[in-house]
Amino acid sequence: MKLPCLAWFLLPPLMFAQQAQTPVSQVNPFIGTGISSQRDHGNTVPGATVPFGMLYWSPDPVSGQFYDYQQPATRVFSLTHLSGPGCGVYGDVPILPILGTPEYPPPVLSTPYRAGYSHQQEVAQPGYYSVRLDSGIGVELAAAVHSGIALFTYPSGSASHTLLVDLSRNLTKVDDAHIDVAGAKVTGWVSSGGFCGTENRYKVYFVLQTDTDPKTVGTCDEMNIRPGSASGSGPRTGAYLSFNPNTQTVHLKVGISYVSVANAELNLNREIPGWNLGKVRQDASNAWNSMLSHAQVSGGTAADRTVFYTALYHAMLHPSVNSDVNGEYMGFDGKVHTAEGRLQYANYSGWDIYRSQVQMITMMLPKVGSDIAESLVVDAQQGGGLPLWPVANDESGVMAGDPSDPILASIYAFGGHDFDTKAALAAMLHGATDPKAHVRLYPERPGLADYMSKGYIPESDEIHGAASVTLEDTNADFAIAQFAKVMGDEKTEQKFLKRSAYWRNIFDPDTKYIRARDTEGKFLPDFTPGKSTGFIEGNSAQYTWMIPYDLKSVIAAIGGPETARQRLDSYFSQYGEFEHLDEPYFFIGNEPSFGDPWIYNWAGYPWRTQEVVRKTLVDLFTDTPGGEPGNDDLGAT
């Protein structure tokens, strides 16, 4: 059955227990915005957005790539964000209310436009954000899926009340931009990309509309401010709208699209036809309550419940809707397509979310899971291969492995069946058997030729972290085997089940750890369990357990349940940290360790799993800005 585009707001909740408070009232969007006890950053974003929303309106830091609770100041409130990645991206269409008209070109001199504030004057709730700046200007933001509305309240005084739109700055680098000012309406686009220094590109279109006509307008670039100018182009472009000093309040509506300005305006007009910020805020709160109510909990402390619901909130921010209200979206082939009876999604932190997040989303929201899967399938058809870490409608090639395989297989296993499973399996097999398979500019499986011929990927100048890449590929192969099995393809199932056992080719029977090999097949020298050479964001002690589909065999290879228990006890004797990846300890702040506490079950010591899980939750996940042990990675952590 095909459901309408926003039907996921209406799905019935899974009832676990009753509680008095609404789930949305127990979310603290500031969790993850500070430095954790593990000296890492959650990199979460406290601004206004709805579940899986395209628009994510939030303050950006004066310097750096992420909102930082320790530095209460902002340079802009921009319209696009990702929550929790290790590298910044988006932050497009920055908007800042100021007193007076611009005196310095903001693309070059941003310091004069720095806006400080106090956390006592700041509020963040699902779908809503507000702050009173030190200048006395009040800011309120509320979001819909593709659009949002703001209220700027200016203090009394003789200075003009101005909105500055500085397209020159985002969280990576602006390649090009254009802006047009027509009275109270501003339109344009920004072209950017470069996530984690890669070659991905995207173009976002916008429309801004104020409820009051400005008294004066102008544009700027890196050299000049041009009063009266109504149009500008180039990567240093900006504009401003100044209102009469007796204009105390200005409402601003915004809409975005990755297809066109016309679609941005259509999105805005469909979702926010009036000027009632309170209604938009309430609609966003209702949407979040509906989504978060799929899990209802009671007991514990108020802080425990806040940690729970905030984690669920973070897990429902991404992937992001990428299709417009008319179903149109920009494909991986650079062409406009239409999603029929579904939503097109973008922004997959593949290496992170395949381990647990997509399973949870699909269990609670099978239609969302199905649409996420179908989005990956059409991305592969348009872009040459299954995505690894897609941003908007392009591939960034970040991290390792072939994560779309376990994402697709897991979505099907957890109840998301409404996608083209035949095309999905074909895309999986293409990426897993053709060493030339690319996703846009990036190979889908680097080192695949060696993997197929040698049974492992050797450490080399071309591939660093080869032991990790090998294990990522064996995990993907196991996912393909299981997916082929339910599709009735026994030949493919057996082929890839055999390949999933390639982990044995990098398991050293002497040290009884996973180790990287060189091109001649020799294990890399000078081994210690904590050594990170041959691994990606981890070490041998951590990655040896990253074979969740065959833990019985792993435990047997290590020496049996009692030997495994002793190693696990040592492994869990202290917490690892991202700054010290050469320490052989459990690090829940990074994805390869996510499933480790449950390995005790396979070793015959389930009470140790209970103990470790509870201790980790109490120690590292707290109702504070530093309450996430590591990057949230689009809801994975």
Side-chain angles (χ1 to χ4, degrees), residues 28-46 58 60-61 63-72 81-89 91 119 124 171 195-197 303 306-308 310-311 313-315 317-318 349-357 389 398-400 465 468 530-532 535-543 545-546 571-597 612-613 615-637:
N28 176 7
F30 291 114
I31 292 178
T33 61
I35 301 174
S36 74
S37 60
Q38 306 304 100
R39 294 190 292 277
D40 203 355
H41 295 77
N43 290 343
T44 58
V45 179
S58 191
D60 289 327
S63 61
Q65 296 183 315
F66 295 96
Y67 176 100
D68 186 347
Y69 196 84
Q70 278 71 38
Q71 300 180 26
H81 292 87
L82 295 183
S83 183
C87 306
V89 71
H119 289 306
L171 297 175
F195 176 60
C196 286
T306 293
V307 168
F308 175 86
T310 304
Y313 163 80
H314 284 147
L317 292 170
H318 305 295
S349 187
W351 186 82
D352 309 283
I353 65 172
Y354 86 75
R355 303 166 200 266
S356 59
Q357 188 235 18
W389 216 122
V398 171
M399 300 310 296
S468 296
K531 196 167 185 178
S532 59
F535 298 94
I536 296 172
E537 294 188 7
N539 55 51
S540 181
Q542 294 161 349
Y543 270 94
W545 302 115
M546 206 193 81
Y571 181 63
F572 285 104
S573 64
Q574 66 184 71
Y575 296 119
E577 296 179 358
F578 191 77
E579 292 181 354
H580 300 94
L581 291 177
D582 56 348
E583 295 181 347
Y585 302 112
F586 169 60
F587 178 35
I588 193 60
N590 213 27
E591 281 68 17
S593 299
F594 275 4
D596 291 351
V612 169
V613 168
K615 185 177 188 302
T616 302
L617 285 173
V618 171
D619 290 350
L620 302 183
F621 292 85
T622 60
D623 182 15
T624 66
E628 287 213 33
N631 297 164
D632 193 59
D633 289 315
L634 280 66
T637 303

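None of these values were measured; they are calculated from a predicted model.
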Restricting to side-chain contact (heavy atoms from CB on, under 4.5 Å), what partner residues turn up for V613, sequence neighbours left out?
P597, W598, T609, L617
[atom1] of [X] to [atom2] of [Y]: how many Å apart, nearest 0.5 Å?
X	Y	atom1	atom2	result
F578	E537	CZ	CD	4.0 Å
T637	Q357	OG1	CD	10.0 Å
F30	T310	CZ	OG1	11.5 Å
S532	Y543	OG	OH	10.5 Å
H318	I353	NE2	CD1	10.0 Å
L82	N43	CG	CG	11.0 Å

Check whether any side-chain heavy atom of [X] sits under 4.5 Å from a side-chain heavy atom of [Y], and report yes or no.
X	Y	answer
Y67	D60	no
S593	Y571	yes
V89	L171	no
Y575	F587	no
W389	L634	yes
Y585	E577	no
T44	P29	no
F66	N631	no

Heavy-atom pair of closest approach, residues [X] and [Y]:
X	Y	answer
D40	P629	CB-O, 3.5 Å
G34	Q70	CA-OE1, 3.5 Å
G88	Q65	N-OE1, 3.1 Å
G42	E628	CA-CB, 4.5 Å
D633	P85	OD1-CA, 3.8 Å
N539	E583	ND2-O, 2.9 Å

One pair to check against side chain to side chain contact (heavy atoms under 4.5 Å, CB included): D596 and F572. What are the steps and the verdict?
CA-CA 9 Å; D596 291 351; F572 285 104; 3.9 Å; yes
Would H41 and D68 satisfy side chain to side chain donor-acceptor pair (under 3.5 Å), going step by step from the backbone distance to the final call?
CA-CA 9 Å; H41 295 77; D68 186 347; 5.1 Å; no
Set of residues satisfying salt bridge (Lys or Arg N to Asp or Glu O under 4.0 Å) with respect to D619, sequence neighbours excluded
K615
